[in-house]
Each structure stands twice: as structure tokens, then as C-alpha cells.
A.B. asks: 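Sharing a structure below in C-alpha cells format, with a few things to ask.
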Amino acid sequence: MVSTRGRLDEDDPTERSGSWAFDGADSVVLFVHGLGADAESARNQAYTARLGLAAATETAGDSDGTGGGDGESARPVVGYSWASNDDWEPAKETAEANAVPLADWLTAWADEDGRPVHLFAHSLGARVTGETLRELDERGRTGVLASASLFGGAIPEGSAGTDGRYGSAIASLDAPLYNFHSRNDRVLGWVYRASDRTRAVGHGGLPDAATAPAGYIDVEVTDLVADHYSYVEPGEGCLPRAVGRLGFE
């Protein structure tokens with residue numbers, strides 16, 4: 001885990017914990033959670049993503065790839081834990097405040113370790129991601145990610161378009177950005193729309209009036225994802241489709 005909880009004002013706001021022995025893995029996944037997660041929930045969600053990846057790539061240790069094993073042979077997943085256990089508006093501000101620490105961590109990882117990083121962002125984690133891409137673009141460090149994927153992204157539907165807040169940063173990224181969206185996501189379809197008075201990119205993808213920036217790919221997963229919380233669940237989420245796009249074995 002990497003955490004910025006209670007540390008955003010420190011000189012080095014990211015704190016590492018857990019095992020970092022990745023046994024020769026050739027790449028890692030960084031999982032950024034969404035709204036309402038305390039430290040324990042952030043860790044549990046990252047572990048769920050790990051099990052989901054294991055099931056999707058049939059490496060969980062069971063014969064049929066349904067995720068029945070312990071996930072020890074799965075692609076390593078690093079959880080990015082940030083203080084999202086707050087009300088909606090303060091949580092959005094905290095998401096934006098995490099752009100610099102996450103950009104710092106990604107550039108340091110690229111310089112010191114160098115293994116490719118595939119970023120997975122769920123819900124409000126998409127806001128953390130979008131702001132981080134803007135920060136990386138400003139620094140000229142657009143090559144630190146191997147890919148970025150949004151799952152049920154809780155950001156305005158037009159913000160990822162060419163003329164949107166994140167459009168130029170997405171276009172400058174030296175990697176694809178996949179937006180996995182589901183019409184079954186009622187949290188985005190109802191709660192997000194009521195609170196922010198706009199549609200979310202994680203519900204229906206880019207609107208027809210928007211132009212997709214270079215590298216942006218909408219992937220509809222309505223047939224796989226039943227609700228806002230099951231995108232990366234083993235056996236019931238959309239990670240099998242995601243790993244196909246990302247080229248994971």
C-alpha cells in the first residue's frame with residue numbers, strides 16, 4: 001500500500017506499507033479507490049482487485065480460473081490509499097490534492113524501479129487520476145504509465161473529451177486510457193447526476209457531442225457490471241474484458 005492519509009502537508013506525503021517483494025513481476029497494477037474508503041476499506045478494495053485480476057488471468061491457483069485460490073501468483077497490485085472517507089465536496093477537493101503526491105510517486109517509481117505501471121481507478125479515483133495526468137503533463141513526464149483504466153469513473157462525461165478538463169492530458173499520455181462504463185451503474189446514473197448536475201463518464205462514456213482525445217477508448221461493460229461496486233470483483237466484474245484490452249497474460 002501507498003498512503004497519503006494525514007500526510008498531504010508533509011514534505012514526503014506518501015508512506016509505504018506491506019510487502020514489496022514482487023518476485024520478478026514484469027509490471028504492476030496501481031489501484032486507486034473511490035469515495036468513502038477508510039484505510040481498511042482501501043486495503044480490502046486493492047486486494048479485491050488483485051483477486052479479480054488473478055481470476056481474470058486464470059492465475060489464482062485453481063484449475064478453472066474462477067478465483068478460488070489465494071491470489072499469490074496474481075499480478076502485483078499496489079493500493080493507493082487517500083482520505084476519501086468524507087462528504088462529497090471535501091472528498092473531491094482531497095482527490096485533486098492527491099495529484100502532486102501521486103505524480104511524485106509515479107515519477108519516482110519510473111526512475112528508481114522502472115517496471116511498467118497500469119493504473120486502475122474506481123469511481124472518484126478517476127478524479128485523482130485525471131488531476132494526476134494533468135500534473136504529469138505539466139512536468140513533461142507523460143511516459144510513466146503503461147496504461148490507465150477508469151472503472152465507473154465519477155467525473156463529468158465531457159471532462160475526458162478533447163475540450164474537457166482532462167482531454168489534453170489524456171492526449172499527451174504515452175499510453176492508452178480505457179473508460180469502462182456501465183448503464184447498470186445506478187450510483188452514477190442517479191446519485192452522481194443529482195449531486196453534480198451532470199452525467200458521469202463512467203455511466204455512458206463520452207457524450208455524442210464530445211470528441212475523444214488520442215489514446216482514449218470507451219469500453220461498454222453493461223453486460224458484465226451489475227452495479228457501481230462490482231467492476232473489479234472476481235467472477236462478476238469486467239476485469240476479463242479489461243485484461244484482454246491491456247494484453248495481460
A.B. asks: Quick one: is the NZ or CZ of Arg115 closer than 6.0 Å to the six-membered ring centre of Phe22, and within 45° of its axis?
C.D. replies: no
A.B. asks: Which heavy atom of Asp218 sits nearest a heavy atom of Tyr216, and at what distance?
C.D. replies: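 Answer, listing the atom of Asp218 first, then Tyr216: OD1-OH, 2.6 Å.
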A.B. asks: Drop me the distance from Arg127's CZ to Asn98's CG, to the nearest 0.5 angstrom.
C.D. replies: 12.5 Å
A.B. asks: With side-chain contact (heavy atoms from CB on, under 4.5 Å) as the test, would you mind laying out the steps for Leu102 and Leu30 before giving the verdict?
C.D. replies: CA-CA 10 Å; Leu102 181 50; Leu30 181 71; 3.6 Å; yes
A.B. asks: Rounded to the nearest 0.5 Å, what's the gap from CG on Asp227 to OH on Tyr231? Could you check?
C.D. replies: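 Result: 8.5 Å between the selected atoms.
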A.B. asks: Closer than 3.5 angstrom, by distance alone: can the side chain of Ser84 be matched with the main-chain N or O of Gly34 as a donor-acceptor pair?
C.D. replies: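 The answer is yes, because a donor-acceptor pair under 3.5 Å joins these two groups.
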A.B. asks: How long is the gap from CG on Leu177 to CG on Leu150, to the nearest 0.5 Å?
C.D. replies: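 Leu177 atom CG to Leu150 atom CG measures 4.5 Å (nearest 0.5 Å).
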A.B. asks: Looking at residues at least two apart in the chain, or sitting in another chain, which of them share a ring-ring contact (aromatic ring centres under 6.0 Å, His included) with Phe120?
C.D. replies: Phe151
A.B. asks: Counting distance only, does the side-chain N/O of Thr132 pair as donor-acceptor with the main-chain N or O of Val128 below 3.5 Å?
C.D. replies: yes
A.B. asks: Does Thr142 reach the main-chain N or O of Asp137 with its side chain, forming a donor-acceptor pair under 3.5 Å?
C.D. replies: no
A.B. asks: Does the pair Val28 and His118 meet the rule for a side-chain contact (heavy atoms from CB on, under 4.5 Å), with working shown?
C.D. replies: CA-CA 6 Å; Val28 300; His118 298 272; over 6 Å; no
A.B. asks: Apply ring-ring contact (aromatic ring centres under 6.0 Å, His included) to His181 and list each qualifying residue two or more places apart in sequence or on a separate chain.
C.D. replies: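 For His181, no residue satisfies ring-ring contact (aromatic ring centres under 6.0 Å, His included) once neighbours in sequence are set aside.
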A.B. asks: Quick one: list whatever passes salt bridge (Lys or Arg N to Asp or Glu O under 4.0 Å) with Arg5, sequence neighbours left out.
C.D. replies: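 Applying salt bridge (Lys or Arg N to Asp or Glu O under 4.0 Å) to Arg5 gives none.
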A.B. asks: Which residue is it: Asp196, Asp86, Asp87? I am looking for the one with a side chain to side chain donor-acceptor pair (under 3.5 Å) to Lys92.
C.D. replies: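 When Asp196, Asp86, Asp87 are each tested with Lys92, the side chain to side chain donor-acceptor pair (under 3.5 Å) holds only for Asp196.
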A.B. asks: Indicate the ring-plane relationship of Tyr178 and Phe180, choosing parallel, tilted or perpendicular according to the 30° and 60° boundaries.
C.D. replies: tilted
A.B. asks: If we only count heavy atoms from C-beta on, is the Val32 to Leu124 side-chain gap below 4.5 Å?
C.D. replies: no
A.B. asks: So, using side-chain contact (heavy atoms from CB on, under 4.5 Å) as the criterion, who are the partners of Glu93 when residues are at least two apart?
C.D. replies: none
A.B. asks: State whether the side chain of Trp109 and the backbone N or O of Val117 hold a donor-acceptor pair below 3.5 Å, judged by distance alone.
C.D. replies: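 Answer holds: no.
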A.B. asks: Nearest 0.5 Å, please: how far is OG1 in Thr94 from CD in Glu89?
C.D. replies: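 Between atom CD of Glu89 and atom OG1 of Thr94 there are 11.0 Å.
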A.B. asks: Identify the two heavy atoms, one from Pro213 and one from Ile170, that lie closest to each other, and give their separation to 0.1 Å.
C.D. replies: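 Scanning both residues completely, I find the closest heavy atoms to be CG-CG2, 3.8 Å.
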A.B. asks: With rounding to the nearest 0.5 Å, note down the distance linking OG in Ser172 to CG in Leu133.
C.D. replies: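 So the gap between those two atoms works out to 7.5 Å.
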A.B. asks: Is Ser182 reaching over with its side chain to a backbone N or O of Asn184, donor-acceptor style, under 3.5 angstrom?
C.D. replies: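 Here the side-chain-to-backbone pair exists.
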A.B. asks: Looking only at side chains, do Asn85 and Asp38 share a donor and an acceptor under 3.5 Å apart?
C.D. replies: no
A.B. asks: Between Tyr47 and Val77, is any pair of side-chain heavy atoms under 4.5 Å apart?
C.D. replies: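 Not touching, per the 4.5 Å side-chain cut-off.
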A.B. asks: Among all residues two or more places apart in sequence or in another chain, which pass the salt bridge (Lys or Arg N to Asp or Glu O under 4.0 Å) test with Asp9?
C.D. replies: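 Partners of Asp9 by the salt bridge (Lys or Arg N to Asp or Glu O under 4.0 Å) criterion come out as none, since no residue qualifies.
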A.B. asks: Under a 4.5 Å cut-off applied to non-hydrogen side-chain atoms, are Val29 and Pro76 in contact?
C.D. replies: no
A.B. asks: To the nearest 0.5 angstrom, please state how far the SG atom of Cys238 sits from the CD atom of Glu220.
C.D. replies: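 Output value for this atom pair is 11.5 Å.
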A.B. asks: Indicate the ring-plane relationship of Trp105 and Trp20, choosing parallel, tilted or perpendicular according to the 30° and 60° boundaries.
C.D. replies: tilted
A.B. asks: Apply salt bridge (charged side-chain N to carboxylate O under 4.0 Å, His left out) to residues Arg141 and Asp111 and explain how you reach the verdict.
C.D. replies: CA-CA 11 Å; Arg141 295 302 305 268; Asp111 293 341; 2.9 Å; yes
A.B. asks: Is there any side-chain hydrogen bond (donor to acceptor under 3.5 Å, both in side chains) pair reaching into residues 233-242, and which pairs are they, with sequence neighbours excluded?
C.D. replies: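 Qualifying pairs: Asp223-Arg241.
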A.B. asks: Can you list everything that forms a salt bridge (Lys or Arg N to Asp or Glu O under 4.0 Å) with Arg43? Sequence neighbours excluded, please.
C.D. replies: none
A.B. asks: Salt bridge check: are Glu135 and Arg139 linked by an N-O gap of less than 4.0 Å?
C.D. replies: yes
A.B. asks: Which pairs pass salt bridge (charged side-chain N to carboxylate O under 4.0 Å, His left out) with one or both residues in residues 167-193, sequence neighbours excluded?
C.D. replies: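 Residue pairs with at least one partner in residues 167-193: there are none.
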A.B. asks: Sequence neighbours excluded, which residues qualify as ring-ring contact (aromatic ring centres under 6.0 Å, His included) partners of His203?
C.D. replies: none
A.B. asks: For Glu10, enumerate each residue passing the salt bridge (Lys or Arg N to Asp or Glu O under 4.0 Å) test, keeping only those at least two apart in sequence or located in another chain.
C.D. replies: Arg7
A.B. asks: Indicate yes or no: at least one non-hydrogen side-chain atom of Glu15 is less than 4.5 angstrom from one of Val2.
C.D. replies: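 They are not in side-chain contact.
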A.B. asks: Any side-chain heavy-atom pair from Pro234 and Thr48 closer than 4.5 angstrom?
C.D. replies: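 Yes. Closest side-chain heavy atoms under 4.5 Å.
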A.B. asks: Between Ser27 and Arg75, is the side-chain contact (heavy atoms from CB on, under 4.5 Å) condition met? List the steps.
C.D. replies: CA-CA 8 Å; Ser27 65; Arg75 186 175 305 271; 2.5 Å; yes
A.B. asks: Considering all heavy atoms of both residues, which atom of Thr129 and which atom of Ala121 are nearest to each other, and what is their separation?
C.D. replies: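 Answer, listing the atom of Thr129 first, then Ala121: OG1-CB, 3.2 Å.
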A.B. asks: My understanding is that only residues two or more places apart in sequence, or in another chain, count here; which of them pass ring-ring contact (aromatic ring centres under 6.0 Å, His included) with Tyr80?
C.D. replies: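 In terms of ring-ring contact (aromatic ring centres under 6.0 Å, His included), with neighbours along the sequence ignored, Tyr80 is linked to no residue.
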A.B. asks: Write down the atom of Ser81, the atom of Met1, and the distance for their closest heavy-atom approach.
C.D. replies: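 Heavy atoms only, the tightest pair is CB-CE, 3.9 Å.
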A.B. asks: I need the minimum non-hydrogen distance between Ala160 and Leu206, along with the two atoms involved.
C.D. replies: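 In this case the closest contact between Ala160 and Leu206 is C-CD2, 3.9 Å.
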A.B. asks: Using the ring of each side chain (for Trp, its six-membered ring), is Phe31 parallel, tilted or perpendicular to His122, with breaks at 30° and 60°?
C.D. replies: parallel
A.B. asks: Heavy atoms only: give me the nearest Pro116-Ala146 pair and the separation to one decimal.
C.D. replies: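 Heavy-atom minimum between the residues: CB-CB, 3.7 Å.
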A.B. asks: Between Ser195 and Tyr192, is there a donor-acceptor pair closer than 3.5 Å when you use the side chain of the first and the backbone of the second?
C.D. replies: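 Judged by distance alone, yes, a pair lies under 3.5 Å.
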A.B. asks: Would a hydrophobic clustering, with Ile, Leu, Val, Met, Phe, Trp and Tyr connected at side-chain separations under 4.5 Å, put Val187 with Trp88?
C.D. replies: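 In one cluster with Val187: Trp88, no.
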A.B. asks: Between Thr14 and Asp104, is a side-chain contact (heavy atoms from CB on, under 4.5 Å) present by the stated rule, with each step listed?
C.D. replies: CA-CA 9 Å; Thr14 55; Asp104 286 344; over 6 Å; no
A.B. asks: Going by the salt bridge (charged side-chain N to carboxylate O under 4.0 Å, His left out) test, which pairs reach into residues 156-173, not counting sequence neighbours?
C.D. replies: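 Qualifying pairs: Glu131-Arg165.
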A.B. asks: Quick check: do Thr107 and Leu136 have side-chain heavy atoms less than 4.5 Å from each other?
C.D. replies: yes
A.B. asks: Taking the side chain as every heavy atom from C-beta outward, state whether Val219 and Arg245 have any pair of such atoms under 4.5 Å apart.
C.D. replies: yes
A.B. asks: Step through the shown structure and confirm whether more than 12 heavy atoms of other residues, nucleotides or ligands are within 6.0 Å of CH2 on Trp190.
C.D. replies: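 Result for CH2/Trp190: open.
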A.B. asks: Is there side-chain contact between Phe248 and Ser147, with at least one heavy-atom pair below 4.5 Å?
C.D. replies: no
